[in-house]
Amino acid sequence: MQKFQDKVEVILDALPYIRKFQDAIVVIKYGGSAMIDPRLKRNVARDVALLNYIGMKPVVVHGGGKEINSWLDKVGKKAEFAPNGLRVTDKETMEIAEMVLGRIGKEIVELLHREGETKAVSLSGKDAGLFVAEKLQSDYDLGFVGEIKTVNAEVVRGLLEKGFIPVISSVAMSRTGETYNVNADIAACKIAKELEAAKLYLMTDVDGVLDSDKQLIQRLNKKKAEELIENKIISGGMIPKIKSALDVLSIGVKSVHIINGTVEHSLLLETLTSTGIGTMVTLD
């Protein structure tokens with residue numbers, strides 16, 4: 001009998017959050033190992049579908065670095081990265097990346113459609129001028145790597161109003177027609193700002209932001225985040241995530257959640273429980 005009571009408690013714990021986020025737009029940057037492991041891929045799709053069923057409006061933004069590397073290996077091309085960690089993208093690599101990202105988007109849509117009456121649509125950042133970019137200026141020539149300059153989210157809003165889940169790949173086009181690879185975290189932040197999303201999730205392979213004792217920080221405000229960066233407690237790839245999060249929050253997004261996509265149903269645990277499992281970043 002206790003196990004049934006525990007299930008009821010879980011549902012009751014979720015009820016305030018279901019009520020609070022009815023009709024709220026939530027942007028999910030999908031990435032890391034959760035895009036590779038078949039079991040985790042299905043779990044993420046089920047989480048997104050459930051958020052949609054209970055009245056939220058999810059938007060999925062994805063990259064595909066690991067699968068791009070795999071395809072480069074298949075054609076005998078070595079992945080190249082600049083000293084700052086960004087992928088060097090020549091013409092051939094860009095063509096492979098665009099193909100792979102398109103396939104990933106279709107696969108995510110297929111997984112979402114398996115969850116019942118869910119309706120999803122795969123989009124490239126090039127569609128309807130969603131992401132317009134310029135070549136990213138850097139000390140190292142990165143090739144066809146872009147910096148998003150404008151976002152036209154009209155098509156995304158239209159899909160959300162019709163009950164669709166947009167699934168967006170991190171590709172952009174310049175005003176002169178060049179195709180650029182763009183950072184998926186930044187693309188998710190840009191679209192979240194434009195849509196004035198209630199929440200932005202950045203899915204990673206780590207539990208969230210850790211303190212000096214390697215313990216998870218569950219809540220992090222702007223002041224504390226800046227202190228942790230200055231003291232080099234936040235370092236490496238987490239720095240651009242946090243800086244992007246703070247930029248998004250300054251525009252109107254209420255919270256950014258850094259969660260571990262390798263934890264089963266991490267989206268639901270972070271959204272529908274009182275404790276959450278990752279790091280929630282807010283202004284105050």
Side-chain angles (χ1 to χ4, degrees), residues 11 14 17-18 21-68 70-71 96-128 130-131 152-171 184-185 187-188 191-192 194-195 197-204 257 259-272:
I11 296 170
Y17 304 100
I18 295 173
F21 295 110
Q22 277 285 316
D23 294 321
I25 296 173
V26 295
V27 175
I28 301 154
K29 187 272 176 171
Y30 176 37
S33 298
M35 296 187 71
I36 305 299
D37 184 303
R39 177 179 52 83
L40 291 174
K41 287 196 286 189
R42 186 171 180 212
N43 283 338
V44 171
R46 297 181 80 180
D47 286 4
V48 173
L50 181 57
L51 293 179
N52 187 56
Y53 283 137
I54 64 177
M56 296 186 191
K57 296 179 178 179
V59 176
V60 178
V61 179
H62 68 89
K66 293 182 179 180
E67 194 160 340
I68 291 170
S70 176
W71 274 88
I96 292 170
E98 188 171 17
M99 176 198 72
V100 171
L101 292 170
R103 291 180 72 254
I104 291 172
K106 299 297 184 187
E107 182 187 22
I108 295 169
V109 167
E110 180 184 340
L111 288 167
L112 288 168
H113 284 177
R114 289 180 187 176
E115 301 305 322
E117 298 300 317
T118 305
K119 301 184 296 182
V121 177
S122 175
L123 298 170
S124 162
K126 293 166 64 174
D127 292 329
L130 178 52
F131 297 138
N152 176 14
E154 182 179 352
V155 65
V156 178
R157 290 194 186 94
L159 289 169
L160 291 172
E161 288 170 3
K162 297 293 185 181
F164 289 91
I165 300 173
V167 178
I168 304 167
S169 65
S170 53
V171 176
D185 283 332
I191 195 69
E194 185 67 26
L195 294 171
K199 290 178 176 289
L200 167 64
Y201 301 87
L202 300 177
M203 193 172 287
T204 72
H257 303 256
I259 60 174
N260 190 340
T262 67
V263 175
E264 291 193 16
H265 303 295
S266 56
L267 272 171
L268 297 184
L269 290 168
E270 181 67 13
T271 307
L272 301 179

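For clarity, every value in this text was computed on a predicted model and none was experimentally measured.
In Glu154, the CD atom is not crowded: 12 or fewer heavy atoms of neighbouring residues, nucleotides or ligands sit closer than 6.0 Å.
With respect to Ser169, the side-chain contact (heavy atoms from CB on, under 4.5 Å) criterion is satisfied by exactly one of Asp127, Leu130, Leu101, Val60: Leu101. Results of the side-chain contact (heavy atoms from CB on, under 4.5 Å) test with Met56 over Ile25, Thr271, Ile18, Val48 single out Thr271 as the only residue that passes.
Of the possible donor and acceptor atoms, one in the side chain of Asn152 sits under 3.5 Å from a partner among the backbone N and O of Ala128. The backbone N or O of Asn260 lies less than 3.5 Å from a partner atom in the side chain of Ser266, making a donor-acceptor pair. In this structure, the side chain of Asp37 does not engage the main chain of Ala34 through any donor-acceptor pair within 3.5 Å. At distances below 3.5 Å, at least one donor-acceptor pair connects side-chain atoms of Gln22 with backbone N or O atoms of Ile54.
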For the pair Lys57 and Glu161, evaluate salt bridge (charged side-chain N to carboxylate O under 4.0 Å, His left out) and give the outcome as yes or no after the intermediate values. CA-CA 9 Å; Lys57 296 179 178 179; Glu161 288 170 3; over 6 Å; no
Are Met35 and Tyr30 close enough, and set up right, to give a side chain to side chain contact (heavy atoms under 4.5 Å, CB included), and what steps lead you there? CA-CA 7 Å; Met35 296 187 71; Tyr30 176 37; 3.6 Å; yes
Does the pair Val59 and Ile165 meet the rule for a side chain to side chain contact (heavy atoms under 4.5 Å, CB included), with working shown? CA-CA 6 Å; Val59 176; Ile165 300 173; over 6 Å; no
List the steps, then state whether side chain to side chain contact (heavy atoms under 4.5 Å, CB included) holds for Leu195 with Val156. CA-CA 9 Å; Leu195 294 171; Val156 178; 3.9 Å; yes
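With values rounded to the nearest 0.5 angstrom, Leu269 atom CG is found 9.0 Å from Ile259 atom CD1. Note: Glu270 CD to Met203 CE = 10.5 Å, rounded to the nearest 0.5 Å. Residue Lys29 holds its NZ atom at 7.5 Å from CG of Leu202, rounded to the nearest 0.5 Å. Atom CD1 of Ile168 and atom CD1 of Ile28 lie 11.0 Å apart (nearest 0.5 Å). Interatomic distance, CG of Leu51 versus CG of Leu272, reported as 6.0 Å (0.5 Å rounding). Between the CZ atom in Arg157 and the NZ atom in Lys162 there is a gap of 16.0 Å [rounded to 0.5 Å].
Taking the charged nitrogens against the carboxylate oxygens, Glu115 and Arg42 do have a contact shorter than 4.0 Å, which makes a salt bridge.
No side-chain heavy atom of Pro166 sits less than 4.5 Å from a side-chain heavy atom of Val121. Looking at heavy atoms from C-beta onward, Val61 lies in side-chain contact with Val27 at the 4.5 angstrom threshold.
Considering every non-hydrogen atom in both Lys119 and Gly163, the closest pair reads CE-O, 3.8 Å. When every heavy atom of Thr118 is checked against every heavy atom of His113, the shortest pair comes out as O-CD2, 3.2 Å. The nearest pair of heavy atoms linking Ala45 to Leu112 is O-CD2, 3.5 Å. Here the closest non-hydrogen pair linking Phe164 and Ala120 is CD2-N, 4.3 Å.
Side-chain contact of Lys66 with Ser33: a donor-acceptor pair under 3.5 Å is present, judged by distance alone.
Legend: residues meeting side-chain contact (heavy atoms from CB on, under 4.5 Å) with Ile96, ordered by chain and number and at least two apart, are Trp71, Leu72, Val75, Glu92, Val100.
Between Tyr201 and His257, the distance from one ring center to the other falls under 6.0 angstrom.
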Would you list the atom pairs, donor with acceptor, under 3.5 Å between side chains in residues 103-111 and any protein atom, with sequence neighbours excluded?
from	atom 1	to	atom 2	distance (Å)
Arg103	NH1	Glu67	OE2	3.2
Glu107	OE2	Lys41	NZ	2.7
Glu110	OE2	Arg114	NH2	2.7

